[in-house]
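First up is the structure itself, then whatever we jot down about it.
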Amino acid sequence: MKDSGYSIAVFAGDGTGPEVVREGTKVLAALAEGGSAPWHLTEYPGGGQYYLATGREWEPDAKAAAEAADAILLGAVGWPGATLPNGDLAGRALVLGLREQLDLFANVRPCKLYPGVRHRISGTFREVWTPRNVDLVIVRENTEDLYTPARGRLSRGGETEVAIDTRVVTRKGSERIVRAAFELARARPHGAPQDGRKRLTCVDKSNVLEGCRFFRETFDRVGAEYPDVERDYAYVDAFTQWLVRDPERFDVVVATNMMGDIITDLAAVLQGGMGFASGANLGYDHGLFEPVHGSAPKHAGHNRANPFATFFAIVQMLRWLAERHADPRLARQADRLESALASVLANGTARTYDQGGSVTTSAAGDRVADAVRAVPT
Ligand code: IPM
Ligand code: MN
């Protein structure tokens with residue numbers, strides 16, 4: 001437990017990022033009312049729009065602050081036309097760069113459908129997905145695979161002839177992500193919605209790819225240490241249909257980076273859309289928490305983005321800090337926030353445009369802040 005409080009570096013970033021982060025800080029302030037906040041936030045500029053304005057993705061002090069902070073809260077990065085000279089996304093330093101620099105190897109993305117949240121698929125056999133059958137977590141490897149910066153183009157006579165991305169799967173990288181996923185599956189109190197079993201599904205393409213065969217071997221070797229967790233396997237192509245058809249089968253899912261990127265967006269549909277999808281980028285020493293939806297340029301500046309993904313990212317952040325520092329104050333605050341979120345979602349008073357409502361981003365933040373105040377400390 002840190003008596004001095006926890007330092008949180010905040011990067012609002014681009015597009016809708018600042019709009020949802022503003023609501024996140026509002027809700028953190030509501031949590032802290034009536035006592036002294038066990039955290040202090042410092043905001044730093046950066047991202048694609050900042051790059052267009054200044055020629056820099058962020059400032060050197062921001063990079064150092066991210067490294068020194070107890071936790072990092074990120075809005076979103078990416079803006080049309082904001083590209084680095086080498087063709088990379090301007091603002092990548094804040095997301096891909098920090099994943100590399102701070103070795104944030106585990107991207108933990110919960111996918112839970114709360115009562116009162118609508119999803120955009122209409123049902124036939126049943127209400128398609130109900131809160132009863134969507135409660136899983138996808139654990140995505142976050143530092144290697146196709147994201148390894150071993151890529152390039154081969155040009156001859158000024159003409160590009162070949163573009164290469166290298167898929168790198170290492171023993172160390174696989175072991176630590178698989179172990180993190182087994183630990184999470186072991187710790188989850190209730191297992192899969194279908195049968196209450198603790199289950200870890202390894203999603204890969206090991207019928208074709210060598211890296212995936214290696215990943216699955218590691219999964220089996222490490223998994224032998226977790227006899228209380230059922231080992232389950234799915235090829236990624238088949239997984240996409242099972243996830244949509246029978247989400248209740250899944251408890252925790254582990255995947256390599258690129259496949260994890262794709263299946264987490266698909267999974268977000270089950271929880272009401274990207275407006276609810278949060279992610280924790282975790283290493284042994286650092287944690288970065290973010291809504292997964294990105295900067296959504298076409299919605300930026302309209303005060304209509306759904307801030308719930310940011311609120312859920314804050315729940316993840318408080319829980320992670322609580323566990324890491326054995327601090328029950330933060331665990332209580334995480335519980336308070338989660339129950340406030342559940343109550344606002346259940347009564348449908350903060351439905352933003354993506355939920356078929358017309359509540360603004362800032363009004364949704366006000367509802368949640370009020371609900372936080374109503375939950376006893
Ligand atoms: C994500 C995003 C990032 C990724 C982008 C913004 C680089 O899609 O966090 O899922 O590809 O990992
Ligand atoms: Mn993605």
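Note that ligands are numbered from 1 as they come in the structure, with each ligand's atoms numbered from 1 the same way.
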Ignoring waters, how many protein N/O/S atoms are under 2.8 Å from the Mn ion (ligand 2)? 1
Atom pairs and distances, ligand 1 N/O vs protein N/O under 3.5 Å:
from: ligand 1; atom 1: 8 (O); to: Asp261; atom 2: OD1; distance (Å): 3.4
from: ligand 1; atom 1: 9 (O); to: Arg99; atom 2: NH2; distance (Å): 2.8
from: ligand 1; atom 1: 9 (O); to: Arg109; atom 2: NH2; distance (Å): 2.8
from: ligand 1; atom 1: 10 (O); to: Arg109; atom 2: NH1; distance (Å): 3.2
from: ligand 1; atom 1: 10 (O); to: Arg109; atom 2: NH2; distance (Å): 3.1
from: ligand 1; atom 1: 10 (O); to: Arg140; atom 2: NH1; distance (Å): 3.1
from: ligand 1; atom 1: 10 (O); to: Asp261; atom 2: OD1; distance (Å): 2.9
from: ligand 1; atom 1: 11 (O); to: Tyr147; atom 2: OH; distance (Å): 2.6
from: ligand 1; atom 1: 12 (O); to: Arg99; atom 2: NH1; distance (Å): 2.8
from: ligand 1; atom 1: 12 (O); to: Arg140; atom 2: NH1; distance (Å): 3.4
from: ligand 1; atom 1: 12 (O); to: Arg140; atom 2: NH2; distance (Å): 2.8

Begin with the C-alpha distance, continue with both residues' side-chain angles, and end with the deciding distance and a verdict on side-chain contact (heavy atoms from CB on, under 4.5 Å) for Thr256 and Tyr147. CA-CA 10 Å; Thr256 50; Tyr147 282 67; over 6 Å; no
Donor-acceptor contact below 3.5 Å, side chain His299 vs main chain Thr16: no
Between the side chains of Asp251 and Arg197, is the shortest nitrogen-to-carboxylate-oxygen separation below 4.0 Å, so that they form an ion pair? no
So does Arg99 pair up with Glu141, basic N to acidic O under 4.0 Å? no
Are the ring centres of Tyr50 and Phe11 closer than 6.0 Å? no
salt_bridge(Arg153, Glu161) N-O dist < 4.0 Å: no
Would you mind checking if Arg319 and Glu338 are paired as a salt bridge, meaning a charged N to carboxylate O distance below 4.0 Å? yes
Candidates Val77, Leu288, Asp14 - the one meeting side-chain contact (heavy atoms from CB on, under 4.5 Å) with Leu94: Val77
Strictly under 6.0 Å, is that where the ring centroids of Tyr353 and His302 end up? no
